[in-house]
Trainee: 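Quick one: the structure is below, and I'll ask about it shortly.
The analysis underlying the following values was restricted to heavy atoms, covering all of them including side chains, and did not include hydrogens, waters or symmetry mates. Lettering follows sequence order; numbering is per chain, from 1.
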Amino acid sequence: MSEAHPYRSRNAQGVMDTCGSLRAADVGRTVTISGWVNRRRDHGGLIFLDLRDHYGITQAVIEPDEAAFAETDKCRNEWVVTITGPVVARSTETKNKDLPTGDVEIRIASLKVQSQAQELPLPVFGDLDYPEDVRLKYRFLDLRRERLHKNIMLRSNIIRSLRQRMFDQGFTEFQTPILTASSPEGARDFLVPSRRYPGQFYALPQAPQQFKQLIQVAGFDRYFQIAPCFRDEDGRADRSPGEFYQLDVEMSFVTQDDVFAMAEPVLQGVFEEFAGDRKVDKGPYPRIAYDEALLKYGSDKPDLRNPILISDVSDVFARDDVEFKAFKNKTVRAIPGPGAGPQPRSFFDKLNEWARGEGAAGLGYVILEDENGTITGKGPIAKFIPAPALAELTKRCGVKAGDALFFSADAKEERAAKIAGLARTRLGQELKLIEEGTFRFCWVVDYPMYEWNEDEKMIDFSHNPFSMPQYDREKFLGFSSADKDEILKLKVFQYDIVCNGYEMLSGAIRNRDPEVMIKAFQIAGHPAEETEEKFGGMLNAFRYGAPPHGGLAIGLERVVMLLAGEENIREVTMFPLTQQGQDLLMGAPSDVLPKQLKELHLRVVMPEAK
RNA sequence: GGGGGCGUAGCUCAGUUGGUUAGAGUGACGGCCUGUCACGCCGUAGGUCGCGGGUUCGAGCCCCGUCGCUCCCGCCA
C-alpha cells in the first residue's frame, strides 16, 4: 500500500480529488484536496473556507471544538492550503445551487498551510476592473481570476481543435527557425546580435513565409504550424506589440478554390465548437472583390452584421439640375440611415461633428419624408436636390420615407470611401442595426497588386509581394513605365476572411516564377540585383523545380478574442506586453551586463536628451 | 513620432466656486457572532492626492513641465 498523497487523494476509480470534483456520490469518503482560499467566512465558532483550484470551488467548514480549528482560523484569502476531512452532504436549505460542488462540503479534520499570501495588490475574489498596469505587474494573480483563467483555457482548447482539424485534413506540423535572416520588406524586424559574426544580426521571423514556401519546394506538401511571429511595431487593442501567433498553412498543387475549400470548414468548425449559443454563418462564405468591398462597405474589412450598403452617387451630383457646388467634381458616396428620419437635429449635428473629427469636410444628409405619396427631402442640402435627382438617389440607395441618406464627398476617391465606411459603422451602431450574437464571415478577394504612391510618384506593392498576379505572363514581363494605368489595374490571387469586421485570415497563391518575381519588384522600383540579393534563397529554390503552391495564415488571438467575446488582445494573452511594448512582470526590455555587450561587439549610443 | 482619456488609502472610487483635520466602500488588523456562500455587527490602523515647478494669504482642484497606463492616428509585406 502506498502512503496517502500529501496534496490530493484519489477515489476508488483512481480519479484525483480536486476543488471541482466532489459530488453527492462522494459523501462518506475522507478526502484530501488543495487550493487557494477563495473566501473565508468567520461566524465566531464556525468558519467556512471556500477552497479554489483550477477545477472549481469547494466549501470546507470547521467548528471550534475541532483539532484543526486554530490552524484554520489563521487562514486568509489566497493562502494555499491542503485540507483533509470527510465529505458530508449539506442540508437542503444550505445547498448552493450556483456551485457544481454545492451539494456537499468538507468537514476539516486537518489543515496544512502550504503558502501564505501578503495583502493583495489585486483582489482575486470579485469581478471588479483594475488598472492595466497593476493587472500586468501581478499577472499571476489576475490569471487566477475567472475571466482570464477561462479565456486562456479557451485559447488552449481552440489551438487543440485547430491542430486536430488540420491533422484530419492530412496536414503535418513542422517547426521553422526562430533565429533567421532579416527580410527587408514589411514590418520592422526584431534583431538578435551575433556573437560569432561581429556586426551581423539574426532577425526573429515576422512570419514563416519563406520557410513554408521552401517546405513546398522541398516536397512535403500540406504543412501547418502554430507559429510565433515577431514584428517590432506598435500595438492596438486588437494587435499585440512585438509578438503574436498564427495558424500558418501552405499546400502544393492547389488553386485558390482548393485553399478556400480547406479553410472554410476549419474556421467554421472551430467557431461552431466554441460559439456556445451564438450563431455561426454557414459556408460557403460570400466572396467580395476588394473594389466592391471598398465601394459598398467603405473598408476591406466589411462587417456583414451591419445591413447598411454604401452606393456611389457621384454622377447624380454631377448632373446639371443638381446645384450643390460642394459635391461637384468629387467622389460622392451615399450611406443610408434606415429609420433615422425621426432622430432629433442633434443626432445629425453630432454625426457631422464626428465626421469632421475624422478629417472629412462634413457629413451631408437629407431626411426622406412622404408627402402625399411622393418622397421629398428635408434638411440643409435638400433644396439643392430637385425631385428627379432625389428619386434617382432613393431608388439607387434603397431608402424610403422615414430613412435618412448621408453623403461622404471628397476629391480623393479613397477618402470618400473611407469616411463612408466609418459612417456606415457608426450609423449601424447608433441606430442599433448591428446583428448581435452572430459570426458573419466573408472572403475578400481580387486584391490589387500595386497602388500609386502619390508622395513619391511611384508604384508600390499594395499588399504581399509574393502573391501570384492574375495576368498574362508574357504581357506582364513586357510592361514598361508607360503601362502604369494597366499595371495599377492588375489583381492578385490574394484573399482574406473577415469576421464581424476583423481580419481573421489572410493568404495567397504564391508567385513561384523567378522571372515574374524579379519583374514584379522592378515595377515597384527595386532593381533585379537587389531582389536577387534579398530573396536569393527563395528565388534560387524556385529555379530547381517549384510546385504551384498557396496557403494562408489565421490570426490566432483574433479568433480567440471573438470567441471569448473580448475586445482587447491582452485579455486572451497569458503574459502580454503593454501597448508600449514592456513586460511589467518580468521587466523586459532591460539593461544587460557590459560583459554581454562586449561579447556581442555592441556599444550603446543613447539618444541625445532634448 | 502625433493626438485624446485616466492617475486621490493595498484595491475600487467620491471630493462642490481654490478655503478648517482629504471621505466612502472593500481589503488588512483586533473584538463579537454556530449555517454562511459578496455572511453580519463594533472598533483600529492605513494618504508624498503620480512626480517636479509655478500662481495664490491658501492648491487634490488653476497654470507649465514630466512620468506611467490606456485608446486612436502614423506603422503593421
Trainee: How far, in whole Å, is B:G46 from B:A22 if one measures between their P atoms?
Mentor: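 Comparing P positions in B:A22 and B:G46 gives a spacing of 13 Å.
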Trainee: Whole angstroms only, please: what is the CZ-P distance between A:R426 and B:C72?
Mentor: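 To the nearest whole Å, that distance equals 15 Å.
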Trainee: Look at the rings of A:F466 and A:F535 and say which category their plane angle falls in: under 30° parallel, 30 to 60° tilted, over 60° perpendicular.
Mentor: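 Judged by the thresholds at 30° and 60°, the geometry between A:F466 and A:F535 is perpendicular.
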Trainee: Tell me whether the side-chain N or O atoms of A:N96 pair up with the base of B:C37 as donor and acceptor below 3.5 Å, since no angle test is needed here.
Mentor: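 Indeed there is one.
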Trainee: Looking for any heavy atom pair under 4.0 Å, which part of the strands does A:R76 touch: base, sugar-phosphate only, or nothing?
Mentor: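 Here A:R76 touches the backbone only, sparing every base.
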Trainee: A:G44 or A:W79: which one's nearest nucleotide on RNA chain B is closer to the 5' end?
Mentor: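 The 5'-side residue here is A:W79.
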Trainee: Quick check on the 6.0 Å ring-centre criterion: do A:F190 and A:F230 meet it?
Mentor: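 Ring centroids of A:F190 and A:F230 are no less than 6.0 Å from each other.
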Trainee: With a non-hydrogen cut-off below 4.0 angstrom, is A:R52 in contact with a base, only sugar-phosphate, or nothing?
Mentor: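 Since no nucleic acid heavy atom lies under 4.0 Å of A:R52, the category is nothing.
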Trainee: On RNA chain B, does the nearest nucleotide to A:T94 precede the nearest nucleotide to A:L120 from the 5' side, or the other way round? Give the residue.
Mentor: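 First, find each residue's nearest nucleotide; the 5'-ward one identifies A:L120.
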Trainee: Grab the CG-C1' distance between A:N568 and B:C72 for me, whole Å please.
Mentor: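 That distance rounds to 13 Å.
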Trainee: Stacking between B:C39 and A:H43, yes or no? Criterion: centroid separation under 5.5 angstrom, plane angle under 30 degrees.
Mentor: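 By the stated criterion, A:H43 and B:C39 stack.
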Trainee: Applying a 4.0 Å non-hydrogen cut-off, can you work out what A:Q580 is touching in the nucleic acid: base, sugar-phosphate, or nothing?
Mentor: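 Result for A:Q580 = base.
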Trainee: Tell me which nucleotide, if any, is Watson-Crick or G-U wobble paired with B:U12 when both distances must be under 3.5 Å.
Mentor: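 B:U12 is paired, partner B:A24.
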Trainee: When the C1' atoms of B:C13 and B:U17 are considered, how many whole Å apart are they?
Mentor: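 These two C1' atoms come out 23 Å apart once rounded.
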Trainee: Under 4.0 angstrom, heavy atoms only, what part of the nucleic acid is A:E503 near: base, sugar-phosphate, or nothing?
Mentor: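 The answer is nothing, as A:E503 stays clear of every strand by at least 4.0 Å.
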